[in-house]
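For reference, the structure discussed in these notes is given below.
Note on naming: letters A, B, ... go to the chains in the order of the sequence lines (proteins, then strands), and numbering restarts at 1 for each one.
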2 protein chains.
Amino acid sequence: MTMSHTGGRRKPPTIHDVAREAGVSRGTVSRVLNGGHYVSPAAQEAVNAAIRKTGYVVNRHARSLITGRSDSVGFLLTEPQERFFEDPNFNVLLRGCTQALAAHDIPLLLMLAGTEDERRRITRYITAGHVDGVLLVSSHSGDPVAEELREAGVPLVACGKPIGLGSKVSYVAADDRDGARDMVRHLLSLGRRRIGVVTGPLDTPGGVERLAGYREVLAEAGIAADERLVVSGDYSRASGEAGAERLLAQAPDMDAVFVASDLMAQGVLAALHRAGRRVPEDIAVGGFDDSPAATAAAPALTTIRQPWDRISNEMVRVLLAQIGGEDPAAVILPTELVRRDST
Amino acid sequence: MTMSHTGGRRKPPTIHDVAREAGVSRGTVSRVLNGGHYVSPAAQEAVNAAIRKTGYVVNRHARSLITGRSDSVGFLLTEPQERFFEDPNFNVLLRGCTQALAAHDIPLLLMLAGTEDERRRITRYITAGHVDGVLLVSSHSGDPVAEELREAGVPLVACGKPIGLGSKVSYVAADDRDGARDMVRHLLSLGRRRIGVVTGPLDTPGGVERLAGYREVLAEAGIAADERLVVSGDYSRASGEAGAERLLAQAPDMDAVFVASDLMAQGVLAALHRAGRRVPEDIAVGGFDDSPAATAAAPALTTIRQPWDRISNEMVRVLLAQIGGEDPAAVILPTELVRRDST
DNA sequence: CATGCTTCTGTGAGCGTTCACAGTAGAGAA
DNA sequence: TTCTCTACTGTGAACGCTCACAGAAGCATG
C-alpha cells in the first residue's frame, strides 16, 4: 500500500466535526446547510465559522442516500453522435446548460446513447434514480429512450419539440416556423421569386416547421409551389452540398435558397461556388441557426438566429421546475433575422 | 402532494429485495455484484436471476458512501470556454472520453471553470471527493486549479503536456514537435524555401513545441532563421487571419506557411484569398490537428493528424490506472501527415 | 398558575450499501 | 478421531447525512 507523496487525500471533515467545532449538534448544522430556518443567529454564525475553519463540504452521497434525490442532471444525446458533435450549436447548448446548472450547484452528467447497448445501460442508469432529470437532445421521432423515460416518470426536457411523444413532455424550442417565414419574406423583399429550400430531416421538428414556414410565405405571396425547388438534407455540410447540386439541376433559374441550417448552407455555398454562381448576386443564400459556421462562411451568411443562450437557460429552468413537482411545460422562443453578406 | 399520473417513480428494489428473492443473504448478493468471488455457482445463478426479475440496479450513493469512491470522473475545462467550444478538437476529445468511460460504466461530469468564482466552487467540489479523478483540458501555464488539484493529490490527467506543473502530473499528448517537423519537411520537399509559421500561444505546449519543430528542421536544412516569418496566434480563426496579414506584410516573398492549428489555417486561407494569393500555387499552407475544419476548408488542408481517439482512450486509461494507485505517467502519441489540396 | 404557541435545539433512527468477522460444511492430512 | 484448510455464507456495524420527534425556553393568553 503506497501513500501518495504528493498530498494524499486525507479524510474530509464531516458534519460531526463541524458540529463539535461550533459547539452545536448535527441537527443544527444540517439546518444551516439547508436554508437556515429555525436557527438562531448565534448558532448560524458559529456554524458558518466552523464550516470555513474546517473546510467542510457536504458529502452528497450521504445526502442523496437519504433524500432520494441525486442533485445532478443528465445531458442525454441519443442521436448518432457525429452529427451533433459536428454541429456548433451543440457546443453552445452544452455549455449553456452546464453553466445554468452550475449556478444551482448541480453537476451535469454527459451521456451518449448511440448504440442499442448504450441505450439500455443508460436507461437503467437513469431510471434507477442516479439523476433527478434529463436534458434531452434528440429530435428524431420514435426515440425509444425518450419514450421509456417519459413512461418511467423521469423529469425530462427536450430541446426542440419532440415528434410523436405525445404532449406530456416538456420542451424548449425556437420558433422554427416563424424564423423560416422571416427569412423567406426577406428573400422576397430582395426581389427574389425563384426561391429554393434545403430542408432538415423531415422527421425532425426543425425539418418540418421550417419547411412549413417557407411554404406559407410563398403561398401568401401568391407564388405557386414548385417541388423542384424543394430538397431535403440531414443538417450535415455534405448534405447541403448535395442538396444544392440537386436544386441547380432541377431548377437552374433559382435565384435564392433558404437552407435550414448554417452548416448545410456552408455546403450550399461550396456547391454554388463550384457551379460558378455568385452569392449573393446570382443566388442569395439564407441560413438558419446563426452558429459560428455562419460567420466562418464566405460570404458571411445571412441567417436566423436561434437564441441558444436563452434556450439552454429555459431548458434548465423548466427541468428544475419539473423536478420540483411542477407540470411539464413548452417554451417557444423568438428568433431573429441576422443580415450579413450572402443576401 | 400530487402523484404523477404518467408512471410515477416507485421505490426501486434494494439489495435486500434481491437477497430475499434469491433466498440468500445481502452479503452474497453484494459479493456477486462485486466480481463473484467466493460464491457458489448455484447462489451466483439465483442472484443473477433475482436481479433480472426485480430489475435491481445498485444504488451508487450508498456504495460510494461506504467505499469512499464516487465511481465518476470529471472533465474539467479551465480555459475561457469560447475557444474550446469553438474548436472542433474539443468535441472529439469530449466524445472520446465519454465513450471510453462508458465502457467502464463510469459517468463523466462536465465542469467549466471560467471565472474565479467557478474555479473555487469546482476545486472544493473536486477535493471533497465528489469525483475520483479529473481529465484536465487546460494547456496554459500557471493554471491555479491544476496546481491545487495536484497538491490535493487528486488523480489528474492533462491533455497536452502542462507547462510549469512539475513532472508529477500525468498527461497524454500528440508528438507536437515531431508533427511539426514532418510538416516543415513536407513543405521543403515541395521546393519551398521561404516558409512562414503561425504558432499557437507560446505559453502552451502546442505553441512551443510546434515552433521548435519548425526551427529545428529549417536549421537542419541550412536555412537561416528569419523572424519576419514567425508570428503567433491564439488558435482562433481570427488570429490566423491576422497572423497571415502580418506575415504577408513582413515577408511578401513567403512561399509556404505552417499554421499550428486547422482553425487558424482557415483564417490564413481567408486572408491569402483576400490578398489574391493562390493556394497552393503561390503559397502552400499546412495545418495541424486534422480537425473537421481541415476538410471544410477550401482548398482542403494538408495537415498533421492528431490521433484524438487514441488520446482520449489513453487519457481515460491513465486516469483509471492512477485512481487504482499507479504512479503518474506521460504518454506521447505519434502524429501523421495527411496530404490534401493546400500543398 | 396552567395552557398554548412559537422558536430553537438535540437525539435516535434509518437510507442501501460494503466490509470485517464469525461461522458452517466438507475434504484431506495427521 | 481430530485438526486444519478451503470454499462459501450470514450478520452486525459502519459510512455521513436528513428527518421526525421530543423537548426546552421564552412569551403571551386564558
Atom pair distance, as rounded to whole Å: CD1 in A/I66 and P in D/dC17: 11 Å
Looking only at D/dC19, C/dT17, D/dG10, the nucleotide nearest the A/T67 side chain is D/dC19
Please give, in whole Å, the distance from D/dG16 C1' to A/N34 CG? 13 Å
To the nearest Å, how far apart are B/R20 CZ and C/dG16 P? 12 Å
From NE2 of B/H61 over to C1' of C/dT18, roughly how many Å is that when rounded to an integer? 16 Å
Identify the residue among B/V29, B/I15, B/V39 that makes a side chain to side chain contact (heavy atoms under 4.5 Å, CB included) with B/V47. B/V29
Spacing of B/H16 atom NE2 relative to C/dT17 atom P, expressed in whole Å: 9 Å
State whether B/Y56 places a side-chain N or O below 4.0 Å from either non-bridging phosphate oxygen (OP1 or OP2) of C/dT17. yes
Under 3.5 Å, is there a donor-acceptor pair between the side chain of B/D17 and the main chain of B/T14? yes
For atom CZ of A/R26 and atom P of C/dT9, their distance in whole Å: 15 Å
Just to verify, which of B/T78, B/L76, B/L77 counts as forming a side chain to side chain contact (heavy atoms under 4.5 Å, CB included) with B/V137? B/L77
Output the rounded distance in Å from CD1 (A/I15) to P (D/dC15). 14 Å
C/dC15 OP1/OP2 closer than 4.0 Å to side-chain N/O of B/N59: no
Can a donor-acceptor pair be found between the side chains of B/T127 and B/E148 at a distance below 3.5 Å? no
Candidates C/dG10, C/dC8, C/dT17 - which lies nearest the side chain of A/R31: C/dG10
Rounded to whole Å, CD of A/E45 lies from C1' of C/dC8 at a distance of 17 Å
Let me know, please, whether B/V24 or A/R69 comes out on the 5' side of the other along DNA chain D by nearest nucleotide. B/V24
Taking OP1 and OP2 of C/dT17, is either one under 4.0 Å from a side-chain nitrogen or oxygen of B/S30? no
Can you figure out which of D/dC17, C/dT17, C/dC8 approaches the side chain of A/S40 most closely? C/dC8
Identify, between B/A43 and B/A62, the residue whose nearest nucleotide on DNA chain D lies closer to the 5' end. B/A43
Quick one: closest heavy-atom pair of B/D71 and B/R63, and the distance? OD2-CD, 3.9 Å
Below 4.0 Å: OP1/OP2 of D/dC17 and any side-chain N or O of A/S64: no
Looking at A/T14, does any N or O in its side chain come under 4.0 Å of the phosphate oxygens OP1/OP2 on D/dG16? no
Quick check for you: among C/dG16, D/dT18, C/dT18, whose closest atom lies nearest to any side-chain atom of B/K11? C/dG16
Do B/D132 and B/S70 meet the criterion of a side-chain donor-acceptor pair at a distance under 3.5 Å? yes
Just compare D/dT18, C/dC8, D/dG10 and give me whichever is closest to any side-chain atom of A/Y38. C/dC8
Can you tell me if the side-chain N/O atoms of B/T28 get under 4.0 Å from OP1 or OP2 in D/dG10? yes
